Amino acid sequence: MSTPPPLPHAPPAELVGRMCQNHPQMPAAHLCQGCGAAVCITCDFALPGGVHLCPNCAVTPRGGLTGKRKGLLVWALLLAVVTTVGLGLVFSMPMDEEAAGAVFVGLFITGVIGGALGISCFERRMGNPPIVWVAGIWNIVLLAVLVLLVIVGNLMEA
């Protein structure tokens with residue numbers, strides 16, 4: 001049995017002594033960020049942003065949502081509900097101009113944060129279930145409605 005060729009750089013500490021899952025005679029150069037498998041230089045799919053995948057993960061996108069994406073999705077949906085209910089209350093309850101302005105600023109902030117969270121749920125490489133689209137579009141539509149209300153309100157004052 002021959003000695004495996006040396007790596008062009010020193011491997012990270014977690015890879016010392018580990019071998020490639022597909023080529024047991026080759027030292028591991030990276031861990032797949034999709035499944036955690038050790039891969040050699042030949043098997044490594046290096047993507048932009050320092051992402052390293054094994055051949056299987058590179059050609060087969062993972063299904064479902066990761067825990068982080070689920071958390072972002074829940075917050076995006078919660079903020080969409082809060083903004084929607086808040087808009088309904090603004091139009092259904094009589095308020096003086098100052099109170100309405102303060103509520104409107106609060107709704108605008110929840111709309112911006114909800115929109116940002118809704119967009120951050122999207123993943124180009126992985127699938128995006130319909131609920132991710134619902135959260136993103138719902139928050140962006142609410143934000144557009146708030147901006148249009150500000151524009152219309154300013155035009156009516158002039």
Side-chain angles (χ1 to χ4, degrees), residues 9-16 18 21-22 28-39 41 43-158:
H9 64 296
E14 71 260 9
L15 293 175
V16 173
R18 291 190 69 179
Q21 72 169 1
N22 298 322
H30 296 284
L31 291 177
C32 174
Q33 291 173 325
C35 66
V39 292
I41 293 174
C43 295
D44 179 37
F45 279 77
L47 302 176
V51 175
H52 296 276
L53 298 174
C54 69
N56 190 36
C57 289
V59 297
T60 309
R62 291 189 313 197
L65 296 172
T66 62
K68 184 176 179 180
R69 285 178 71 197
K70 283 180 187 175
L72 293 172
L73 180 63
V74 167
W75 278 104
L77 290 170
L78 181 65
L79 289 172
V81 168
V82 168
T83 306
T84 303
V85 170
L87 271 173
L89 291 175
V90 165
F91 288 113
S92 66
M93 295 177 59
M95 287 186 215
D96 63 349
E97 196 171 313
E98 263 186 47
V103 169
F104 206 75
V105 168
L107 291 176
F108 190 78
I109 291 170
T110 60
V112 168
I113 294 171
L117 292 175
I119 290 171
S120 69
C121 291
F122 285 93
E123 177 66 48
R124 286 183 287 162
R125 199 181 73 75
M126 295 185 221
N128 291 308
I131 192 70
V132 172
W133 286 94
V134 168
I137 292 171
W138 186 6
N139 276 294
I140 297 302
V141 167
L142 286 171
L143 194 54
V145 166
L146 289 166
V147 168
L148 285 173
L149 287 172
V150 168
I151 292 170
V152 169
N154 286 336
L155 289 175
M156 302 226 8
E157 285 180 5

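One is the number of the first residue; the rest follow in order along the sequence. Worth saying up front: this structure is predicted, and the values here are computed from it rather than measured.
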- prompt: If only atom types and distance count, is the side chain of R69 paired as donor or acceptor with the main-chain N or O of C121 below 3.5 Å?
  reply: yes

message: Can you confirm whether V51 sits close enough to L53 that some side-chain heavy atom of one is under 4.5 Å from a side-chain heavy atom of the other?
response: yes

query: Mind checking whether W138 and T84 have side chains closer than 4.5 Å, heavy atoms only?
result: yes

- prompt: Which value, rounded to the nearest 0.5 Å, describes the distance between L148 atom CG and L143 atom CG?
  reply: 10.0 Å

Heavy-atom side-chain proximity of F108 to V150 below 4.5 angstrom: no

- prompt: Under 3.5 Å, side chain of N139 to main-chain N/O of A76, donor-acceptor pair present?
  reply: yes

query: Between V39 and L31, is any pair of side-chain heavy atoms under 4.5 Å apart?
result: no

message: Quick one, C54 and F45 - any side-chain contact, counting heavy atoms below 4.5 Å?
response: no

- request: Quick one: list whatever passes side chain to side chain contact (heavy atoms under 4.5 Å, CB included) with I137, sequence neighbours left out.
  value: W133, V141

message: Do P55 and N22 have side chains that approach each other closer than 4.5 Å (heavy atoms only, starting at C-beta)?
response: yes

query: CD1/I131 to NZ/K70 distance, rounded to the nearest 0.5 angstrom?
result: 13.0 Å

field: Side-chain heavy-atom pair F122, L72 within 4.5 angstrom cut-off
entry: no

task: For the pair Q33 (side chain) and H52 (backbone), establish whether a donor and an acceptor sit closer than 3.5 Å, ignoring hydrogens and angles.
output: yes

statement: Shortest non-hydrogen pair, L142 vs A80, comes out as CD1-O, 3.4 Å

query: Judged by atom type as modelled, is there a donor-acceptor pair below 3.5 Å linking the side chain of T110 to the main-chain atoms of L107?
result: yes

- request: Under the side chain to side chain contact (heavy atoms under 4.5 Å, CB included) rule, what do I119 and I140 come out as? Steps first, then yes or no, please.
  value: CA-CA 9 Å; I119 290 171; I140 297 302; 3.9 Å; yes

Sequence-distant partners of W75, side-chain hydrogen bond (donor to acceptor under 3.5 Å, both in side chains), two or more places apart: none

message: With rounding to the nearest 0.5 angstrom, report the CG to CG distance, L117 to L77.
response: 10.0 Å

V90 side chain reached by L149 side chain, heavy atoms, under 4.5 Å: no

